[in-house]
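In what follows, a single structure is set out as structure tokens and then discussed.
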Number of protein chains: 2
Amino acid sequence: MGDTKPAADEAASEQVRAKAGRVRIEDVAEAAGVSMKTVSRVLNNEPNVSPRTRGLVEAAVEKLRYRPLPSARVLAGRRSYLVAMLFDNPSNNYLMEIELGVLDACQAQHYNLMLAPLVYNADDIIDKVEALVVQAQLDGVILTPPITDDVALLRRLEELGIPYASISAKEQNRHVGVVVDEHGAVCSMMAHLASLGHRRIAHVRGHAAHGASAWRLAGYREGLRRAGLRYDARLVVDGEFSYESGYAATNALLDLDDRPTAIFAANDDMAAGAICAICERGLSVPGDISVCGFDDTPIAHQIYPALTTVRQPTREMGRLAATELLKEVRELGSGGIVDVPYALQLRRSTGPVSSVD
Amino acid sequence: MGDTKPAADEAASEQVRAKAGRVRIEDVAEAAGVSMKTVSRVLNNEPNVSPRTRGLVEAAVEKLRYRPLPSARVLAGRRSYLVAMLFDNPSNNYLMEIELGVLDACQAQHYNLMLAPLVYNADDIIDKVEALVVQAQLDGVILTPPITDDVALLRRLEELGIPYASISAKEQNRHVGVVVDEHGAVCSMMAHLASLGHRRIAHVRGHAAHGASAWRLAGYREGLRRAGLRYDARLVVDGEFSYESGYAATNALLDLDDRPTAIFAANDDMAAGAICAICERGLSVPGDISVCGFDDTPIAHQIYPALTTVRQPTREMGRLAATELLKEVRELGSGGIVDVPYALQLRRSTGPVSSVD
DNA sequence: CTGAAAGCGCTAACAT
DNA sequence: ATGTTAGCGCTTTCAG
């Protein structure tokens, strides 16, 4: 390690600086023999840099292992490289999958994610979000159900001119985000039940305030229609997406004189509750009654019998929503709606209608 | 709206500025009739401000609805007001509860949370974390299992001098963070099983690389000892915390000539797998075999029969870990280890040993 | 295509 | 107890 050659000196001093202080854009500029601004251009993919210069800068960045300091960029620039995910925890599992997907996209594009727990329908939600957007200088927000359906909030976000993307929003007009054809999914599920010979199919609804509940009910009715079955209001009972509500709703159905041979619950948790209620009466699934759910959460294959349900690619949905949002952030109007595919997961909880019935 | 009176002018200009640009510390200083620095002192709870002045400043902050811009504070100051949570998803549910707790504490103390998905035992984990710490200027990190047990990482964090807090770390020496007495919890569970008359109690182990597995096994052995039961190696089978592994392990146990009358699985998912395996053989839980788990995840009460298990206050653990970390951030050495209580959740999956046995 | 200078909003160090 | 000054590291004008 001689200290005679200038090159060695330079390398050494750079080392020291990197260790002690921190490599700054100025150091990179010096190393590449260009100005700070040119380095900045390269970093931000701006036009008007010759390929040769770009290469020089990139090499210097690599060599010095330079990474821009986020706070400095934010302070100086217009963008904050920060998006927030607004949520009112619908379910730990669903939310975490979405979050992981969002994180995937954010990391890939060097954006940061901030989490904003909110309470759906609380009257201070707009103030809270506004404070967040202004204070944290958010570049955009991701809305998860059921926050997606707060019209007042949507309006305010539009007034503020801040890009947003929603996941499974009820109203899809003018939105950026991702949706899955829940209506179609439920229709397929109903077709599956009908093909097994079921004629009395019940539905346990989800929480009334959630958009998903309406879709799933609509799919149920359309499914009945297509199978040539009559809608019977007594076979539709309210739940609220929780295990307990599914349990209670199913007990009500089991008390009917003419009980159903199949139950479509609006999500897996309620379906699990349904199975429990059925088992407790000494009936068997699917021997006596078939049960199916929606979401394909882990519980779907961790209960006995394993649940027939509908799978949505949750993590992918998070990733795509974030991707569309970031497009929108870069250029208003460039984000779109992505329709992701669902898949029926046929498992043991559904079977042919029992012949004695 | 006259423009003659200076006071009105000032108010109006403040309004405009607040709307168009943004309220800055300078505006607050002007409104309070003090210098920028004094406002800064009040904002940061620094000493050497007279109560009167403090009051003046606070009133101005309130009136102008002033909020400091994070990036500016970070750039100018030493702290980043940012902590990261390092994780290698052990389970969506567990992680989300921890995260919500951490978020509670961070929000209360005006800190931001960054999420860092990692892969336990990957060889680039140290580089990744180091890049994060340096680049994002983290004030501290929170470690979740199993990342808590990466000794090389812990050493590096200490070298870097960056505060960290861990949740349920295997080695608790010199750590800041939160722990629960898992050993004691398992002993209690074993005492419960023994009191029901069980003499042949099996254990399905967790993933070998996780600290929790070792604790739970140790608690199992100690529990046997206290109940005066002999340890039988054939009754201990390996799992890896997944539903499938619990299912497979239980099938192995059921194939034994002298099969157990109770199974303690190292977590709920595996216990759910165990119940499935038992049911599939036409045996009943707890009639033929009692099953218990650990964690009290939602699945514990969503399967049939509901699972006897151990509950840890997960969200609270996240909150406490973050709280201790932030103490440590403010003043090295001020954070400590918090021992949180566990609770046995007795449900239907455990019962008296069958008399025929 | 490139560079020089002027801040972004705040805090640190040093006055006073 | 309070104020003054000089940056933090980057981007944005605006000028070449």
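Numbered from 1 within each chain, the chains take letters A, B, ... in sequence-line order. Excluded from the calculations below are hydrogen atoms, water molecules and symmetry mates; all remaining heavy atoms, backbone and side chain alike, are included.
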Closest nucleotide among D:dT11, D:dG9, C:dC10 to the A:Arg22 side chain
D:dG9

Would the distance check show the side chain of B:Asp27 and the main-chain N or O of B:Arg24 forming a donor-acceptor pair, the cut-off being under 3.5 Å?
yes

Of the candidate nucleotides D:dC10, C:dC1, D:dG3, which contains the atom at the shortest distance from the side chain of B:Thr38?
D:dG3

Look at atom CZ of A:Arg156 and say whether more than 12 heavy atoms of other residues, nucleotides or ligands are closer to it than 6.0 Å.
yes

Counting heavy atoms from C-beta on, name the nucleotide in D:dC10, C:dC1, D:dT2 closest to the side chain of B:Val49.
D:dT2

Does one side chain, of B:Tyr164 or B:Glu328, offer a donor that lies under 3.5 Å from an acceptor on the other?
no

What nucleotide among C:dT2, D:dG9, C:dG3 has an atom nearest to a side-chain atom of A:Val34?
C:dG3

From CD1 of B:Ile25 across to P of C:dG9 the rounded distance in Å is 12 Å

Please classify the nucleic acid contact of B:Leu75 as base, sugar-phosphate, or nothing, using heavy-atom distances under 4.0 Å.
base

Would you kindly give the CE-to-C1' distance between A:Met36 and C:dA4, to the nearest whole Å?
10 Å

Whole angstrom is fine here: how far is it from CD in B:Glu30 over to P in C:dG9?
15 Å

Rounded to whole Å, CG of B:Leu43 lies from C1' of C:dT11 at a distance of 11 Å

Contact class for A:Ser71 vs. all strands (heavy atom < 4.0 Å): base, sugar-phosphate, or nothing?
nothing

Between D:dT13 (P) and A:Lys37 (NZ): distance, integer Å:
9 Å

What does B:Val74 touch in the nucleic acid at a heavy-atom separation under 4.0 angstrom: a base, only the sugar-phosphate, or nothing?
nothing

Whole-Å distance between C:dA4 C1' and A:Arg41 CZ?
11 Å

Nearest-neighbour nucleotide for the A:Arg73 side chain, C:dA12, C:dG9, D:dC10 considered
D:dC10

Expressed in angstrom and rounded to an integer, what is the separation of B:Asn48 atom CG from D:dG3 atom P?
13 Å

Which nucleotide wins on minimum distance to the side chain of A:Ser35, given the candidates C:dA4, D:dG9, D:dG3?
C:dA4

A quick test of your reading: do over 12 heavy atoms of other residues, nucleotides or ligands sit less than 6.0 Å from NZ of A:Lys128?
no

Where the side chain of B:Ser334 meets the backbone of B:Lys327, is there a donor-acceptor pair that is under 3.5 Å apart?
yes

Strictly below 4.0 Å: does B:Tyr66 bring a side-chain N or O up to OP1 or OP2 of C:dC10?
yes

In this structure, how many angstroms lie between the P atom of D:dC10 and the CD atom of A:Glu46, rounded?
14 Å

For A:Gly77 and for B:Ser40, locate the closest nucleotide of DNA chain C by heavy-atom distance; then report the residue assigned to the nucleotide nearer the 5' terminus.
A:Gly77

Can you tell me which nucleotide in C:dC10, D:dC10, C:dC1 comes closest to the side chain of A:Arg24?
D:dC10

